[in-house]
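A note on names: the letters A, B, ... follow the listed sequences, proteins ahead of strands, and every chain is numbered from 1.
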Amino acid sequence: MALPYPPPPLAVPSSYPFHFLPSSSDPPYDILRTHPSLSLLSNCRTHQSLRETHAQMVKTGLHNTNYALSKLLELCVVSPHFDGLPYAVSVFETIQEPNLLIWNTMLRGLASSSDLVSALEMYVRMVSLGHVPNAYTFPFLLKSCAKSKTFEEGRQIHAQVMKLGCEVDRYVHTSLISMYARNGRLEDARKVFDTSSQRDVVSCTALITGYASRGDVRSARKMFDEITERDVVSWNAMITGYVENGGYEEALELFKEMMRMNVRPDEGTLVSVLSACAQSGSIELGREIHTLVDDHHGFGSSLKIVNAFIGLYSKCGDVEIASGLFEGLSCKDVVSWNTLIGGYTHMNLYKEALLLFQEMLRSGESPNDVTMLSVLPACAHLGAIDIGRWIHVYIDKRLKGVTNGSALRTSLIDMYAKCGDIEAAHQVFNSMMHKSLSSWNAMIFGFAMHGRANAAFDLFSRMRKNGIEPDDITLVGLLSACSHSGLLDLGRHIFKSVTQDYNITPKLEHYGCMIDLLGHAGLFKEAEEIIHMMPMEPDGVIWCSLLKACKMHGNLELAESFAQKLMEIEPENSGSYVLLSNIYATAGRWEDVARIREVLNGKGMKKVPGCSSIEIDSVVHEFIIGDKLHPQSREIYRMLEEMDVLLEEAGFVPDTSEVLQEMEEERKEGALRHHSEKLAIAFGLISTKPGTKLTVVKNLRVCRNCHEATKLISKIYNREIVARDRTRFHHFRDGVCSCCDYW
DNA sequence: CTAGGGTTAG
């Protein structure tokens, strides 16, 4: 048969930046293999040394050989010492005719990053250039599909596997099982599993992980028990499966059994077990393992294990030891930073969390999604909106397609709402393509907190129209919207529908909101009926809200009995004593005030100091009552004097009963003692341009005096002032507050 | 050159 001459041009997509030059013919293999530049390659531990070796290769002409290039790429892609993937990609793009090994190496690298799209693009490019994938290609590709949560692509790859007859390859077979299992498609995984008669440990382990990640620990255990020859990995998979599903006891039990059977634990075992200890609070076993590890095995130098210990100690409350271990690390990775930052957030040490985050940035470590999920709540607590905004930009720029995208947005909504910028929160919410239930919930809570009950309920009906079922948290959000706005009847209606319409068993929080609403309205009888009716004991928050209601309605008798309950439940909480003494003071019962103070002093308890913070130019400034520690203290107090004069001129009369109830030593400083929020506002006024909105965060509730004063200040200085107290937001503008004096 | 498990948050 005569071939056409000249041959027809190759159909090559024009968009590829490839130069189809004739491939350079590689020199004999032996020369290549022993070439000095190539032996240098394996010693490269930094990005810099890699580039130098690459330069060597260019000098000697090795860069034109596919063999040397594949070695170079492989090193870039697998090196644990640095992230060489971007460099690999840039080198790859210069290769004139990459061979199958090189394509596979690139896919290998892309599979370990979690970038499915790039991996698929690479595969499509490879195939459309006429390469036929082989059994080495698919495991990499399937790993990419397993990591992302879309199994559609995985199924298409499966079809390609079948077309090429690669399903008989052991590696491909297990990769397919794992891909389906990790995507939650256990039926499909099982089908692939059953096509082979040989049930090796590896396939079984893939299924164990799949069952466990879907919450089906029993099927996982059944599979585990069926394995005749278990290896470390299968033990680890089962232990992790238990940990993931909260079965810490079983996990630790299995670990002990594993030790009894003389299976030597590896790094992965310890990491899982330590995670179980951390989450279940088994600090003793954790310490035991710590001494064990220090004594025998060489695990002390393993970064992953040290990180696991940092997690253990910071979760179990020993932040000192955790930060000691962290400081002792000569080489920290993202996880080390994330773990300690998360530990600080966990222990409510928000300032420390933010400081460590800033140190992380200075050190040159790039934060990832997990970092942000720890840092954003810290911003939210402290009202650090500038840092929060910075993080928002960072997420948009650098964390575009990460797996936790939805969680990150939800965390941003919460951060903006808690930092006082409800509009920004709303914008983030509206920009979300895939809204999860928790993002709806976060937005509803945001509106509730800002006293915008209408917006909360509008959002709720939008949510229902979108066919989304509310959960218990959604309904707490709605109830708290009612309780922040005093919507008693609507609250009653929602409370009823919790059980009747949504088939949700009311939790303590639902009862709490309802009791708060009733107490606020002075309906103590009804509130107490609910307390008798509910199946659980009320907590401190509930008694506290009733106590506050008593103060508002001047109900001394009930106040005493509620305070009694509160002291029983939380004997070390000074709040109950302070509240009760305030109530006595309002009623003029000074001997009772003195008596309570004595009890308080006798127990060595101290009133929690009011603390307000304001963020100016990304720096959070904290103030406590009467505080003179700030470097600009003199200017602040000068401003306060001016404010007091103007307030008086505007007709402001302080409520003296609130002044009189201050503690003795505080009273010495007179009636002009300034609450922390006023200090923060004064500082805000002198540190920002006229007309700038001020946002203040306070740890306690705003007192009536300060509330009145702030209303006037917003008018006198023509400033919008947003203040967050313990439970909600107040937006002061032109002499009025968004809460309409109901809080 | 390949497959199963393993740190951080929620």
Does the protein touch nucleotides 4-10 of chain B at the base, only the backbone, or not at all? Give it as B, S and - per nucleotide, heavy atoms under 4.0 Å. BBBBBB-
Among all residues two or more places apart in sequence or in another chain, which pass the side-chain hydrogen bond (donor to acceptor under 3.5 Å, both in side chains) test with A/Asp472? A/Lys507
Side-chain (A/Lys435) to main-chain (A/Met432) donor-acceptor, under 3.5 angstrom: yes
List for me each residue that meets salt bridge (Lys or Arg N to Asp or Glu O under 4.0 Å) alongside A/Glu352, sequence neighbours excluded, and say none if there are none. none
A/Leu75 CG to B/dC1 P: how many Å, rounded? 15 Å
Quick one: list whatever passes salt bridge (Lys or Arg N to Asp or Glu O under 4.0 Å) with A/Arg182, sequence neighbours left out. none
Does A/Ala135 reach a base, just sugar-phosphate, or nothing at all? Heavy atoms under 4.0 Å. base
Which residues satisfy the side-chain contact (heavy atoms from CB on, under 4.5 Å) test with A/Asn404, sequence neighbours excluded? A/Asp369, A/Leu373, A/Ala407
Which whole-number value in Å describes the distance from A/Leu72 CG to B/dC1 P? 17 Å
Name all residues meeting the side-chain contact (heavy atoms from CB on, under 4.5 Å) criterion together with A/Ile387; count only those two or more places apart in sequence or in a different chain, and write none if there are none. A/Leu354, A/Phe357, A/Gln358, A/Cys379, A/Ala384, A/Ile391, A/Glu615
When you compare the ring of A/Tyr136 with the six-membered ring of B/dC1's base, are the centres less than 5.5 Å apart and the planes under 30° from each other? yes
Without decimals, in angstroms, what is the distance between A/Lys147 NZ and B/dA3 P? 11 Å
